[in-house]
Number of protein chains: 2
Amino acid sequence: MLALTKKTSYGILAMSYLASQPVDRVLSARQIAQECHVPLSLLMNAMKVLAGVGYVESVRGPRGGYRLARRPEDVNLADLVATLEGPVRQAQCLSDPANQHECTQVEMSRCPVVDPVHRVHRRLNDFLRKVTLAELAEGHTDASLVEAAPQTAALPGGASGEK
Amino acid sequence: MLALTKKTSYGILAMSYLASQPVDRVLSARQIAQECHVPLSLLMNAMKVLAGVGYVESVRGPRGGYRLARRPEDVNLADLVATLEGPVRQAQCLSDPANQHECTQVEMSRCPVVDPVHRVHRRLNDFLRKVTLAELAEGHTDASLVEAAPQTAALPGGASGEK
DNA sequence: CTAAAAGGTACTTTTCTAGTACTATTTTGT
DNA sequence: ACAAAATAGTACTAGAAAAGTACCTTTTAG
């Protein structure tokens, strides 16, 4: 329900993992996939996009890999998601039937229409813009701590009777 | 990019429109569809779900329709979206490969895992929970004001070279 | 009784996601 | 310098979900 796609998730996870490493360290997609427990092929797909836009720097050849190209504080989720998820279907104008174009972020922020759906998207975007990679990576120093997590909060019973 | 589905959008739009009406006023799906410029059939689909859960009250027969069953202040987006979008694919645990179940909201809020993707979903949910229908409906007193909107902020040039 | 409106069911089409296979490029080792 | 190996990058395919359509049933005011 309004969840990030796998590709986006992998991308964020990889970025966050890279952020937790020494800046000069070059990590191959294979390494990242292993450490983060995500399928390699899909991760490569995400890394390609991230490298193309300039979020990460790619080093080719043997001993190649990826390296963060920006400071984690300078990466916000709104841009990251927009990059990975593609600029597809950005909150069509429901209000104006004759003008069903796809609103860019710039348009959205200036749109005079008070359509509630538009409002949600705007607020959502504003919210994501405030979340930085640095915040997400905080505490994510190493993926190995995941193994240590005891998973005590499993609660098999659904607890809340939703649908 | 992380946008609401059409069904959800229609649902929110309808709820918001109902919120702007006198409480006793019963509006048919047809009326709402016309006023809000959304396809009738899809809107009926959304209204059905909303009525089933109890967000709106339905009145059958001629002159029937829908009426808001809750105070707009008591409706938050997180629940509304969860209702309309279904409980599908709620932020799978990426961190633990052996435990790829779908986390409920309860689990999510107690999850000890520091996986950044999980974090995003949690924060997203917290954010949506704070947004109420009352806030969205504010200023949406009548759909007719949409016609009056001059759409001056068209800006054809994409501005930012995303893709 | 009739018409209007909700409620329900089922289906088709379209789009997006997830995953796989393949190609191109660079560096290391001989 | 050349070949081999490792890696990034590209392209493609199948499956699932969303969007939209259509039809039929139930209810009830007039």
Side-chain angles (χ1 to χ4, degrees), chain A residues 1-11 13-14 18 26-34 38-67 69 81-82 84-92 94 97 100 102 117, chain B residues 1-11 13-14 18 25-34 37-67 69 81 84-92 94 100 102 163:
Chain A
M1 76 112 198
L2 200 68
L4 301 168
T5 66
K6 289 275 176 68
K7 188 173 164 187
T8 307
S9 300
Y10 297 161
L13 205 50
L18 283 174
V26 172
L27 282 170
S28 73
R30 201 150 287 166
Q31 283 177 288
I32 300 175
Q34 277 184 356
V38 296
L40 171 63
S41 42
L42 258 289
L43 179 70
M44 284 170 69
N45 215 321
M47 295 314 286
K48 180 195 76 173
V49 177
L50 292 174
V53 171
Y55 276 122
V56 297
E57 203 175 331
S58 70
V59 180
R60 305 183 73 161
R63 327 207 44 146
Y66 295 97
R67 171 173 42 200
V81 169
L84 286 163
E85 220 130 302
V88 289
R89 202 181 48 181
Q90 281 188 358
Q92 285 188 341
L94 285 173
Q100 290 257 346
E102 301 186 354
V117 178
Chain B
M1 75 112 198
L2 200 71
L4 302 169
T5 66
K6 290 276 176 66
K7 189 173 164 189
T8 307
S9 300
Y10 296 162
L13 204 51
L18 283 174
R25 179 103 182 270
V26 172
L27 282 171
S28 74
R30 198 152 290 162
Q31 283 177 288
I32 299 175
Q34 277 183 358
H37 308 108
V38 295
L40 171 63
S41 44
L42 258 289
L43 180 71
M44 283 170 72
N45 215 321
M47 296 313 286
K48 213 182 316 178
V49 176
L50 292 174
V53 173
Y55 275 121
V56 297
E57 203 176 333
S58 69
V59 179
R60 304 183 76 162
R63 329 210 41 154
Y66 295 96
R67 170 173 42 198
V81 170
L84 286 164
E85 218 130 301
V88 288
R89 202 179 49 178
Q90 280 187 359
Q92 284 188 340
L94 284 174
Q100 290 257 345
E102 301 187 351
K163 171 41 192 287

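Chain letters run A, B, ... following the sequence lines, proteins first and then strands; every chain starts at 1. All values reported here derive from a predicted model rather than from experimental measurement.
Here Arg60(A) does not reach the OP1 or OP2 of dT27(C): none of its side-chain N or O atoms lies under 4.0 Å away. Between Thr5(B) and dA19(D) there is a side-chain N or O to OP1 or OP2 distance below 4.0 Å. Between Arg63(B) and dA4(C) there is no side-chain polar atom (N or O) within less than 4.0 angstrom of OP1 or OP2. Dashed line: the shortest gap from a side-chain N or O of Lys6(B) to OP1 or OP2 of dA18(D) is not under 4.0 Å. At dA18(D), none of the side-chain N or O atoms of Tyr10(B) fall inside 4.0 Å of OP1 or OP2 (strictly under the cut-off). Contact between the side-chain N/O atoms of Ser58(B) and the OP1/OP2 oxygens of dG7(C) is found at a separation under 4.0 Å.
Note: Lys48(A) NZ to Lys7(A) NZ = 6.5 Å, rounded to the nearest 0.5 Å. Atoms OG1 and CD, on Thr5(A) and Glu85(A) in that order, are 4.0 Å from each other to the nearest 0.5 Å. Distance CD/Glu57(A) to CG/Leu18(A): 11.5 Å, rounded to 0.5 Å. Of the inter-residue distances, the one linking Leu4(A) atom CG with Tyr10(A) atom OH reads 12.0 Å to the nearest 0.5 angstrom. Note that CG of Leu13(A) is 8.5 Å distant from CG of Leu43(A), once rounded to the nearest 0.5 Å.
What separates CG of Leu43(A) from C1' of dG9(D) is a distance of 14 Å, to the nearest Å. For the pair Arg67(A) CZ and dA8(D) P, the computed distance is 13 Å after rounding to whole Å. Put simply, CD on Gln31(B) is 8 Å from P on dA5(C), counting in whole angstrom units. Following rounding to the nearest Å, Glu57(A) (CD) and dA8(D) (P) show an atom-to-atom distance of 13 Å. Taking atom CG of Leu84(B) as the reference point, atom C1' of dA19(D) lies 14 Å away to the nearest angstrom. With rounding to whole Å, Gln34(B) atom CD is found 10 Å from dA5(C) atom P. Straight-line distance from the CG atom of Leu27(A) to the P atom of dA6(D): 18 Å, rounded to whole Å. When the P atom of dG7(C) is taken as reference, atom CG of Leu40(B) falls 13 Å away, rounded to whole Å.
For Leu42(A), taking side-chain heavy atoms from C-beta onward, the closest of the listed nucleotides dA5(C), dG19(C), dT17(C) is dG19(C). Checked against dT21(D), dG9(D), dG8(C), the side chain of Lys48(B) finds its nearest nucleotide in dG8(C). Of the candidate nucleotides dA19(D), dT21(D), dA11(D), dA19(D) has the atom nearest to the side chain of Lys7(B).
Across all strands, Gly52(A) comes closer than 4.0 Å to no nucleic acid atom at all (heavy-atom distances).
Nearest-nucleotide assignment on DNA chain D puts the 5′-proximal partner with Tyr66(A), out of Tyr66(A) and Thr8(B). With DNA chain C read from its 5' end, the first of the two nearest nucleotides for Pro62(B) and Met44(B) is the one closest to Pro62(B).
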